[in-house]
Amino acid sequence: MPELPEVEILKRSLKKKIKFCKVAKIKIHNANLRYKVPQLINQNLKNHTVLNVSRISKYLIIDFNFSKKLLIHLGMTGTVHLVKKNNKKYTNASFYHSSSLPKKHNHIEIYFKNNIKMIYNDPRRFGYFKLFEKKYLLNNLIKNLGPDPFSSKFNYNYIKKFIQNKKIKIKILLMNQKFLGGLGNIYANEILYNCKLKPTKSVNLLTKKNIQNLIYQSRNTLKKAIKFGGSSIRDFKKTDGTSGNYQHNFNVYGKNNTNCPRYSCTGSIKKILISKRSSFYCPKCQT
DNA sequence: AAGAGGCCCTGATAGC
DNA sequence: TGCTATCAGGGCCTCT
C-alpha cells in the first residue's frame, strides 16, 4: 500500500482531525511490529497534545507539545483509522463506516480526550511506531533519506551528481530511498512509463532531457495520485474507511498482457522481475 | 559497485 | 471442500 501519495493523504486527514487533540491513553494490543513498540509510549504521550502532523518521505510524524515526536511507518500493510465515540460506542459518525472497520490486527489504539480514537492496523506488521527526541529525529532520519520529490533539492544537478559513476537500473535508483524519498514499486513503474524509459535502463545512459523529464513526471504522477486520494490495491484505506481511486488510472502496474494505453502505440505491457519486484512496462514505447 | 538473496509477517488467490 | 504453493505495495541485512 503505502507510498508517498497514500501517506500524504493520511497526513492531511490526520492534520484536520487530530491536531490539538489531547491523548487520554494508548493501548498496545500487539507490540511486535518491525521494531518492538515500547510500553512506555503510553506514559510518554499521555496528556500531551498533538501540535502538528507532517510527512517526510513515507514516514508520518506526529508532533506533540513536549520534546518528542512520534514517527510512524506503515510498512507494507499498515492503515490508520479514526473512529468517534457516540453513546459509549465507537462508530462511524463522519469518521468511519463501521461496517468496513477491520476486526483483526488493530495493534495500537490512541484514545484522545475528545472521544476520537485512532487505530493502527497492520496485518503483516512491517510498520512501526517510534518515539524520538526532536533533534535526534531530524539528524538521523532525514540524513539517511533522499529529498522529497516535490522539494527543490530534487533537481538536475542533484541527480547528475548522485548517478555519477553508477550503472544501476533506473528503477532501482527510483526506489532507493537514499536517492529519493517516497517512491515504491507502483509509482516507480508508473513514473517510468510516463517518462517513456524502460525500467532496466542503466542510469549512465540518461540524457539531460531524460533527467529533466524524470523530475517533471515524478511530481506530476504523484500529484495526480494525491488528487485521486491515493491508490487502494489490497488494503489502503483513507482514515474514514473509503478507498482511494488512483488505481483506476494505472497505465502499467498490474496490466501485463494488456494493450499499451498510449495513443498511437501498438505495444503490449510486459511483466519482468527486477530485484524480485514485479516491474511492468511497454517494450515498444519505453526505451 | 551492483545485484542477488534472505528475512521480518499474514492473507488472498491459484492450482491441484 | 481443503490442501499447498506463490505472491504482495517496504526495508533491512549479508554475501559474492
Side-chain angles (χ1 to χ4, degrees), chain A residues 1-10 29-37 55-60 71-80 102-108 120-130 140-146 161-193 199-205 221-222 225-226 228-238 243-257 271-280:
Chain A
M1 149 215 162
E3 301 180 40
L4 185 149
E6 291 74 32
V7 182
E8 177 65 23
I9 295 292
L10 173 60
H29 301 291
N30 188 344
N32 298 312
L33 302 185
R34 165 172 278 276
Y35 306 108
K36 192 129 188 152
V37 183
R55 175 190 65 76
I56 294 177
S57 163
K58 299 176 193 171
Y59 297 81
L60 189 76
L71 180 69
I72 301 176
H73 194 285
L74 303 170
M76 291 266 252
T77 53
T79 49
V80 172
K103 292 185 175 67
K104 287 176 82 175
H105 309 299
N106 290 329
H107 304 312
I108 300 176
Y120 179 74
N121 181 285
D122 188 356
R124 287 175 75 179
R125 288 189 271 123
F126 288 166
Y128 63 81
F129 270 57
K130 269 186 178 178
N140 289 271
L141 174 68
I142 298 171
K143 198 175 66 188
N144 289 316
L145 279 175
K161 196 174 169 197
F162 194 96
I163 64 179
Q164 206 170 39
N165 305 322
K166 285 194 173 72
K167 283 188 176 174
I168 51 169
K169 295 179 173 74
I170 176 74
K171 183 164 178 263
I172 301 281
L173 176 78
L174 285 187
M175 290 179 62
N176 180 354
Q177 302 300 304
K178 285 183 179 160
F179 168 66
L180 180 62
L183 294 191
N185 200 28
I186 292 181
Y187 293 106
N189 278 303
E190 292 296 320
I191 289 166
L192 288 171
Y193 174 80
T200 51
K201 193 177 185 94
S202 179
V203 294
N204 65 332
L205 300 175
T221 307
L222 295 170
I226 292 169
F228 278 88
S231 307
S232 299
I233 303 232
R234 274 152 226 279
D235 32 33
F236 171 66
K237 289 283 191 301
K238 294 189 264 181
S243 294
N245 279 308
Y246 191 69
Q247 66 278 14
H248 304 304
N249 291 281
F250 289 165
N251 286 307
V252 287
Y253 185 79
K255 301 268 188 180
N256 42 322
N257 302 322
K271 175 179 171 177
I272 57 170
L273 288 180
I274 299 174
S275 288
K276 293 227 168 181
R277 309 301 294 275
S278 301
S279 308
F280 303 88

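Please read these numbers as outputs of a predicted model, since none were measured by experiment. We name chains A, B, ... by the order of the sequence lines, and we start the count at 1 in each one.
Of the listed nucleotides (B:dC9, C:dA8, B:dG5), C:dA8 has the atom at the smallest distance from the side chain of A:S278. Of the listed nucleotides (C:dA8, C:dG10, B:dT10), C:dA8 has the atom at the smallest distance from the side chain of A:K271. For A:S275, taking side-chain heavy atoms from C-beta onward, the closest of the listed nucleotides B:dA4, C:dG10, B:dT10 is B:dA4. Between B:dC9, B:dG11, B:dA2, one nucleotide has an atom nearer to the side chain of A:I168 than all others, and that is B:dA2. Comparing B:dG11, C:dA8, B:dA2 by their nearest atom to the side chain of A:K166 picks out B:dA2.
For the pair A:M76 CE and B:dG11 C1', the interatomic distance rounds to 12 Å; values are reported in whole Å. Protein atom NZ of A:K201 is 17 Å distant from nucleotide atom P of B:dA2, rounded to whole Å. Following rounding to the nearest Å, A:I172 (CD1) and B:dA4 (P) show an atom-to-atom distance of 8 Å. The distance from atom CD of A:Q177 to atom C1' of C:dC12 is 12 Å, rounded to the nearest whole Å. Between the CG atom of A:N144 and the P atom of C:dG10 there is a distance of 18 Å, given to the nearest Å. Regarding A:Y35, its OH atom lies at a distance of 18 Å from the P atom of B:dC7, rounded to whole Å. For the pair A:N32 CG and B:dT10 P, the interatomic distance rounds to 10 Å; values are reported in whole Å. A:L273 places its CG atom 13 Å from the C1' atom of B:dG5, with the value rounded to the nearest Å.
B:dA4 and C:dA8 are spaced 16 Å apart, taking the P atom of each and rounding to whole Å. B:dG5 sits 13 Å from C:dC7 when the P atoms are compared, rounded to a whole Å. Spacing of C1' atoms, B:dC8 relative to C:dT4, comes out at 22 Å, to the nearest Å.
A donor and an acceptor atom, one from each side chain of A:N189 and A:Y187, are nowhere located under 3.5 Å apart. There is a side-chain donor-acceptor pair under 3.5 Å between A:N185 and A:K171.
For the pair A:R125 (side chain) and A:N32 (backbone), a donor-acceptor distance under 3.5 Å is present.
Across all their heavy atoms, A:T77 and A:P123 have their closest contact at O-CD, 3.4 Å.
Residue A:R277 places at least one side-chain N or O closer than 4.0 Å to OP1 or OP2 of C:dG10. Distances shorter than 4.0 Å separate some side-chain N or O of A:K58 from OP1 or OP2 on C:dG11. A:K169 has no side-chain polar atom (N or O) that falls below the 4.0 Å cut-off from OP1 or OP2 of B:dA2. Remark: A:H73 is not in phosphate contact with C:dG10, judged by side-chain N or O atoms under 4.0 Å from OP1 or OP2.
Looking at DNA chain C, the stems built from 3 or more consecutive Watson-Crick or G-U wobble pairs, each pair with its key distances under 3.5 Å, are B:2-8 with C:10-16, B:10-16 with C:2-8.
Comparing A:I274 and A:H105 by the nucleotide of DNA chain B that holds the closest heavy atom to each, the one mapping nearer the 5' end is A:I274. Nearest-nucleotide mapping onto DNA chain B: of A:K104 and A:R34, the residue sitting toward the 5' end is A:R34.
Here A:F126 does not count as stacked on C:dG11, because the ring centres are not under 5.5 angstrom apart with planes under 30°.
Contact check for A:Y59 versus A:V7: no side-chain heavy atoms found under the 4.5 Å cut-off. You'll find the side chain of A:P2 stays beyond 4.5 Å of the side chain of A:K58, heavy atoms only. A heavy-atom distance below 4.5 Å is not found between the side chains of A:H105 and A:D122.
Among the heavy atoms of the strands, none lies under 4.0 Å from A:F250.
Checked by distance alone, A:R124 brings no side-chain donor or acceptor within 3.5 Å of a matching partner on the base of C:dG10.
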Is there a side chain to side chain contact (heavy atoms under 4.5 Å, CB included) between A:F162 and A:L173? Walk through the geometry before answering. CA-CA 10 Å; A:F162 194 96; A:L173 176 78; 3.7 Å; yes

Please lay out, stage by stage, how A:N249 and A:F228 fare under the test side chain to side chain contact (heavy atoms under 4.5 Å, CB included). CA-CA 9 Å; A:N249 291 281; A:F228 278 88; 3.5 Å; yes

